[in-house]
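Structure first, then comments.
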Amino acid sequence: MASISLIVVTIFLVNISSSLCFLRMTNNTALATWYGPLTGATKGTACGWEGDVNDPPFNAMIAAGNSNIFLNGKGCGHCFQIHCSQKPYCSGKPINVTVGDKCPRACDKVPYHFDISGYAFGLMAHQGEDHNLRLVGQVEIEFKRVPCHYAATKIAFKVSPKTNQSWFATAIEYTNGDGALSHVEIAHSGASDFSSMDNIWGAVWKKDINESFKAPFSLRLTSGDGKTLVASNVIPQNYSAGHKYSSNVNF
């Protein structure tokens, strides 16, 4: 029984790995719709970014993904290049979007579905045809995973409004490269070791703490492709719940 279970687990992991490589290396087909304002985005609620998705460096270039894109929150931060050649309105020119939300359950009727911000959806059109493309409402697209690149922007930490002296949580934004994080650790003031945080949903990571766990906090991040960096003392001693703090590092 143990050997059979090992074989099943191995096959499962191989299938996941193959699927991720497929998304990275080839163009895949998907259904694309749009949501939110005509020239903006709604909120990145399912990833914990809220209204930040409208501001630089996201600039409303956001998509909600169905289950095979959102990956139960593990897809938050993944970047995709998509393009539409559907006549007569699509230009075929590629655009890049970041997964910042979850597409509703109805989106799982097809293998891959991107619900794109109204602004990004319009950018797939020929010049002057963005309104007509939005009226069409849904189009077939081709897509592939690409590295995220937010220029000079550094990784930022949006402290949860619910943070208190016994519980600390933060949403992590603007991760270059892989776009997502596989492991996050935290160290308090004066500590020589880091301790693991838990990914509770989307891009939000938490740590149960006590009164001896005092800021400033440093965070050690491991990207989805295994790279590691440290944001030293990024959460200041007098930090406030609900505020966002920028680091001086990125992948």
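Heavy atoms only: backbone and side chains are in, while hydrogens, waters and symmetry mates are out.
- When all heavy atoms of Val159 and Thr170 are compared, the pair lying nearest together is N-OG1, 3.9 Å.
- Other residues, nucleotides and ligands contribute more than 12 heavy atoms inside 6.0 Å of the NE2 atom of His126.
- For the atom pair CG (Leu181) and CZ (Arg220), the distance works out to 13.5 Å, reported to the nearest 0.5 Å.
- Here the side chains of Val249 and Val230 are not in contact, with every heavy-atom distance at 4.5 Å or above.
- Residues Tyr239 and Phe217 bring their aromatic ring centres within 6.0 Å.
- Other residues, nucleotides and ligands place more than 12 heavy atoms under 6.0 Å from the OH atom of Tyr245.
- Considering only heavy atoms from C-beta on, Gln165 stays 4.5 Å or farther from Ile209 through its side chain.
- Under a 4.0 Å N-O distance rule, the pair Asp178/Arg145 qualifies as a salt bridge.
- Side-chain contact check for Phe168 versus Asn164: every heavy-atom pair is 4.5 Å or farther apart.
- Atoms CH2 and CG, from Trp167 and Asn210 in turn, are 16.0 Å apart once rounded to the nearest 0.5 Å.
- Atom-to-atom distance recorded for Arg105:CZ and Cys103:SG is 12.5 Å, nearest 0.5 angstrom.
- Under a 3.5 Å cut-off, the side chain of Ser247 and the backbone N or O of Ala231 do not form any donor-acceptor pair.
- Residues Phe213 and Ile235 share a hydrophobic cluster, clusters being chains of Ile/Leu/Val/Met/Phe/Trp/Tyr side chains in contact below 4.5 Å.
- Contact between Cys79 and Thr98 at its shortest, heavy atoms only, is SG-OG1, 3.5 Å.
- Between the NE2 atom in His78 and the SG atom in Cys148 there is a gap of 8.0 Å [rounded to 0.5 Å].
- Under the 4.5 Å side-chain contact rule for hydrophobic residues, Tyr119 and Leu38 share a cluster.
- A salt bridge between Asp198 and Lys207 is absent, with no side-chain N of the basic residue lying under 4.0 Å from a carboxylate O of the acidic one.
- In this structure, Phe80 is a member of the same hydrophobic cluster as Met124, with clusters built from ILVMFWY side-chain heavy atoms closer than 4.5 Å.
- Heavy atoms of other residues, nucleotides or ligands lying less than 6.0 angstrom from NZ of Lys43 number 12 at most.
- Screening Ile62, Ile82, Val139 for a side chain to side chain contact (heavy atoms under 4.5 Å, CB included) involving Ile116 leaves a single residue, Ile82.
- Two residues are said to be in side-chain contact when any heavy atoms from C-beta on lie closer than 4.5 Å; His188 and Lys214 fail this criterion.
- Donor-acceptor pairing under 3.5 Å is lacking for the side chains of Lys102 and Asn66.
- Within a 6.0 Å sphere centred on CG of Asn72, heavy atoms belonging to other residues, nucleotides or ligands number 12 at most.
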Please step through side chain to side chain contact (heavy atoms under 4.5 Å, CB included) for the pair Ser117 and Thr42, ending with a clear verdict. CA-CA 7 Å; Ser117 72; Thr42 55; over 6 Å; no

Please report the C-alpha distance between His183 and Asn199 in whole Å, then the side-chain angles of each, then the deciding distance to 0.1 Å, and finally whether the side chain to side chain contact (heavy atoms under 4.5 Å, CB included) criterion is met. CA-CA 8 Å; His183 195 51; Asn199 182 207; over 6 Å; no

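- In this structure, the separation between CZ on Phe121 and SG on Cys84 is 7.0 Å, given to the nearest 0.5 Å.
- Minimum heavy-atom separation, Gly40 to Ala60: C-CB, 3.8 Å.
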For the pair Glu173 and Asp52, evaluate side chain to side chain contact (heavy atoms under 4.5 Å, CB included) and give the outcome as yes or no after the intermediate values. CA-CA 9 Å; Glu173 304 179 343; Asp52 290 356; 2.7 Å; yes

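- Listed here is the closest heavy atom pair of Phe70 and Asp101: CD1-O, 3.4 Å.
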Phe58 vs Trp49, test: ring-ring contact (aromatic ring centres under 6.0 Å, His included). Steps then yes/no. CA-CA 10 Å; Phe58 289 138; Trp49 298 334; 4.9 Å; yes

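- Between the Asn176 side chain and the Tyr150 main chain, a donor and an acceptor come within less than 3.5 Å of each other.
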Is there a side chain to side chain contact (heavy atoms under 4.5 Å, CB included) between Lys227 and Asp225? Walk through the geometry before answering. CA-CA 6 Å; Lys227 298 176 182 177; Asp225 53 2; 3.9 Å; yes

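- Shown here is Lys162, whose NZ atom has no more than 12 heavy atoms of other residues, nucleotides or ligands within 6.0 Å.
- Remark: the backbone N or O of Asn233 is paired with a side-chain donor or acceptor of Ser218 at under 3.5 angstrom.
- The shortest heavy-atom contact between Leu221 and Phe251 is O-CZ, 3.8 Å.
- A salt bridge does not link Lys158 to Glu50: none of the charged side-chain nitrogens sits closer than 4.0 Å to a carboxylate oxygen.
- Between the side chain of Asn250 and the backbone N or O of Thr153 there is at least one donor-acceptor pair closer than 3.5 Å.
- Between Gly92 and Ser85, the shortest heavy-atom distance links the atoms CA-OG, 3.8 Å.
- The shortest distance between side-chain heavy atoms of Cys90 and Leu133 falls below 4.5 Å.
- Between Thr33 and His113, the side chains place a donor N or O and an acceptor N or O closer than 3.5 Å (distance only, hydrogens not considered).
- Ile155 is not connected to Val204 by any chain of hydrophobic side-chain contacts under 4.5 Å among Ile, Leu, Val, Met, Phe, Trp and Tyr, and they are in different clusters.
- Note that the NE2 atom of His83 and the NZ atom of Lys144 stand 9.0 Å from one another [nearest 0.5 Å].
- No continuous path of hydrophobic side-chain contacts links Phe194 to Trp205 [ILVMFWY only; heavy atoms under 4.5 Å].
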